[in-house]
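Report on one structure; see the data block that follows.
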Number of protein chains: 2
Amino acid sequence: MQQHEMAKQFIAKLGWFSPLSREGHEVLRGLTSARPRRLLPGEDIIGEGERPRAVNILVSGWACRCKQLTNGRRQIISLILPGDTCEHVVFVPDEMDHSIIALSPSSTIEMPQNVLDILAREHPHLALALKWEAFVGTAVQREWTVNLGQRTAVERMAHLFCELFVRLQMVGLAEGQGFAMPLTQGDLADALGLSTVHVNRTLQELRGRGLLNLRNRHLTILDFDVLSATANFNRAYLHLSSRAQVNGKAEAS
Amino acid sequence: MQQHEMAKQFIAKLGWFSPLSREGHEVLRGLTSARPRRLLPGEDIIGEGERPRAVNILVSGWACRCKQLTNGRRQIISLILPGDTCEHVVFVPDEMDHSIIALSPSSTIEMPQNVLDILAREHPHLALALKWEAFVGTAVQREWTVNLGQRTAVERMAHLFCELFVRLQMVGLAEGQGFAMPLTQGDLADALGLSTVHVNRTLQELRGRGLLNLRNRHLTILDFDVLSATANFNRAYLHLSSRAQVNGKAEAS
DNA sequence: CGGGATCTTGATAAGTTTCAATGGCAGTGG
DNA sequence: CCACTGCCATTGAAACTTATCAAGATCCCG
């Protein structure tokens with residue numbers, strides 16, 4: 001990956017808030033041309049209790065926000081995809097109350113606090129796009145709450161896959177009707193609040209209904225319409241409708 | 001309630017981020033002395049699809065963030081207590097993707113966008129406190145995700161009550177070992193992702209263990225230590241300790 | 001080729017929901 | 001004052017979804 005291609009997904013994502021000027025592109029490229037940090041699956045990007053000194057941007061691989069319970073169980077609170085920021089941009093806490101862990105081989109780059117300050121002062125438009133990104137993160141978190149609270153295993157999994165598909169489309173990482181999905185069934189279980197065994201069976205159910213296919217870490221969505229109807233999926237919570245409809249790219253369904 | 005007492009809980013809550021100066025107090029009082037809007041249980045503070053034009057602050061009563069599913073079920077995404085802001089302060093979306101509903105007779109006041117701008121420019125310390133408030137909101141949302149995903153009915157309910165107790169203590173609305181709790185068992189069910197029937201039985205279980213008592217819309221916690229151990233409750237996610245740490249840095253009053 | 005993680009399957013158990021019925025309590029209007 | 005209504009809490013029984021346990025199959029990597 002070229003140096004200036006490093007934060008491709010990050011730049012693409014911010015562009016969904018509103019089209020970036022050429023200057024905006026260049027500012028972001030400059031800010032994100034740092035040398036990336038490489039992580040192996042299971043490695044902490046930042047651990048619970050640490051104090052973040054910069055905002056990490058995931059540039060490749062998948063990661064998760066994750067909370068470990070004392071009884072050994074863990075919940076994946078949210079999935080972090082290429083182009084997503086790992087910490088919240090608007091308010092940096094004293095101490096992380098959860099950890100952020102790489103789920104596949106990944107790389108991150110850092111955006112130091114002072115860079116954010118400069119951005120806020122000199123490029124209010126980009127700063128607003130960053131706030132939008134953080135806001136969408138909270139909206140996704142709310143939808144996960146609904147998912148875990150109200151939906152059955154089949155609906156939950158269908159909903160997750162719909163969300164991932166749309167989010168990956170945003171940053172150009174969907175391939176036709178599917179995407180590369182590095183999660184194990186155990187990871188899915190931790191994200192969906194199910195047991196591994198039940199994830200396996202739910203997956204079979206969805207396969208059996210002819211809605212999708214998961215092989216070799218690649219998910220193919222065979223019928224997005226039925227899948228999203230099953231899940232009661234409504235992309236409004238991702239707050240990208242203004243452009244999503246115009247752009248054509250995301251109109252595949 | 002006196003006019004200047006209106007936003008008592010709101011001011012108390014911001015004070016947990018770091019002690020407010022006398023001037024800070026006065027600025028907030030001035031900004032929040034507006035005439036309150038009164039709501040009955042079930043009334044929308046702001047509905048799904050609406051565009052918020054100001055930030056609402058709940059000054060009395062309880063409300064909830066809530067998402068209705070097409071199959072008739074609903075999930076209470078978060079509970080809003082006196083002193084909490086209803087919308088996100090840092091980024092105001094085009095359209096609400098959920099609604100905010102009063103659960104008991106309530107009142108709100110509005111903080112218009114331009115007031116927030118003034119605050120950000122002229123009172124950075126207060127603006128930071130507001131960002132902290134929003135950040136704690138996201139942390140609570142994450143914890144609810146864990147609650148719904150990983151905990152049993154008993155643990156979930158215990159956890160919710162622990163959280164509510166601490167949050168109400170923050171704003172001076174806990175009374176000894178308990179608090180006034182206007183939620184019906186149906187509301188609790190929607191918040192905990194359980195059926196009403198099971199909420200009833202879970203409540204009996206907790207009562208039977210001698211951990212709490214719920215009568216006449218008043219919850220008494222008989223053994224907070226055991227209750228929070230049952231729930232695996234750890235208040236770190238409420239980020240209240242900021243006060244102690246910021247204390248040296250911003251010696252204001 | 002071996003070994004560890006991952007996926008799959010079956011049987012059983014547990015937790016939770018659903019349905020249906022009952023009782024209490026408060027407000028309302030005749 | 002009393003019936004009537006509506007909402008809320010409670011109970012029992014049966015059904016269903018999901019978890020747990022245990023074993024085997026498969027895959028991948030060194």
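Chain A is the first sequence line, chain B the second, and so forth, proteins listed ahead of strands; every chain is numbered from 1. Owing to the predicted nature of the structure, the values given are computational and were not obtained by experimental measurement.
- The CG atom of A:L194 sits 15 Å away from the P atom of C:dT8 (whole-angstrom rounding).
- Aromatic ring orientation, A:Y237 versus A:H159: parallel (interplanar angle below 30°, classes split at 30° and 60°).
- Taking atom CG on A:D187 and atom C1' on C:dA5, their separation rounds to 12 Å, with Å as the unit.
- The distance from atom CG of B:L148 to atom P of D:dT18 is 15 Å, rounded to the nearest whole Å.
- With hydrogens and angles ignored, the 3.5 Å screen pairs no side-chain donor or acceptor of A:W62 with any backbone N or O of A:P182.
- Nearest nucleotide to the side chain of B:R217, out of C:dT8, D:dA9, C:dC7: D:dA9.
- In this structure, the helix from C:dT8-D:dA23 to C:dG30-D:dC1 shows an angle of 30° between the axis at its start and the axis at its end, each fitted on 5 base pairs and rounded to 10°.
- Distances from the side chain of B:T152 to the nucleotides D:dA13, D:dA19, C:dT16 place C:dT16 closest.
- Here C:dT16 presents its C1' atom at 13 Å from CE of B:M157, a figure rounded to the nearest Å.
- Considering only side-chain atoms of B:S195, the nucleotide from C:dG10, C:dT18, D:dT10 that sits closest is C:dT18.
- Per the geometry, CG belonging to A:L214 stands 15 Å off C1' belonging to D:dT26, to the nearest Å.
- Of the candidates D:dG12, C:dT16, C:dA11, D:dG12 carries the atom nearest the B:R201 side chain, counting heavy atoms from C-beta on.
- A straight line from NE2 of A:H198 to C1' of D:dC16 spans 11 Å, rounded to a whole angstrom.
- Taking 4.0 Å as the cut-off between side-chain N and carboxylate O, A:D187 and A:R74 count as a salt-bridged pair.
- For D:dA9, neither phosphate oxygen OP1 nor OP2 lies less than 4.0 angstrom from any side-chain nitrogen or oxygen of B:Q204.
- A:Q177 has its side chain within reach of A:F165: a pair of non-hydrogen atoms, C-beta onward, lies under 4.5 Å apart.
- For the pair A:N200 and C:dT8, the criterion of a side-chain N or O lying under 4.0 Å from OP1 or OP2 is met.
- Side-chain atoms of B:V197 lie closest to D:dG12 of the nucleotides C:dC7, D:dG12, C:dA11.
- Along DNA chain D, the nucleotide closest to A:N216 and the one closest to A:R156 are compared, and the more 5′ of them pairs with A:R156.
- B:L79 is not listed as a side-chain neighbour of B:V140, based on a closest heavy-atom distance of 4.5 Å or more.
- Residue contacts for B:T184: at a heavy-atom cut-off of 4.0 Å it reaches the sugar-phosphate backbone alone, with no base atom in range.
- B:R215 comes within contact range of no nucleotide atom at all, as no heavy-atom separation falls under 4.0 Å.
- Between A:L206 atom CG and C:dT8 atom P there is a gap of 13 Å when expressed in whole angstrom units.
- When atom types are taken as modelled, the side chain of A:Q75 and the backbone of A:C66 share no donor-acceptor pair closer than 3.5 angstrom.
- Taking all atoms of both residues into account, the shortest heavy-atom contact from B:L103 to B:C64 is CD1-CB, 3.7 Å.
- Atom P of nucleotide D:dT18 and atom CD of A:Q150 are separated by 13 Å, given to the nearest angstrom.
- Exactly one residue among A:V59, A:L58, A:I100 makes a side chain to side chain contact (heavy atoms under 4.5 Å, CB included) with A:T108. That residue is A:L58.
- In this model, the phosphate group of C:dA5 is not approached by any side-chain N or O of A:Q185 to a distance below 4.0 Å at OP1 or OP2.
- Residue-level contact check: B:G193 touches the backbone only, with heavy atoms under 4.0 Å from sugar-phosphate atoms and none from bases.
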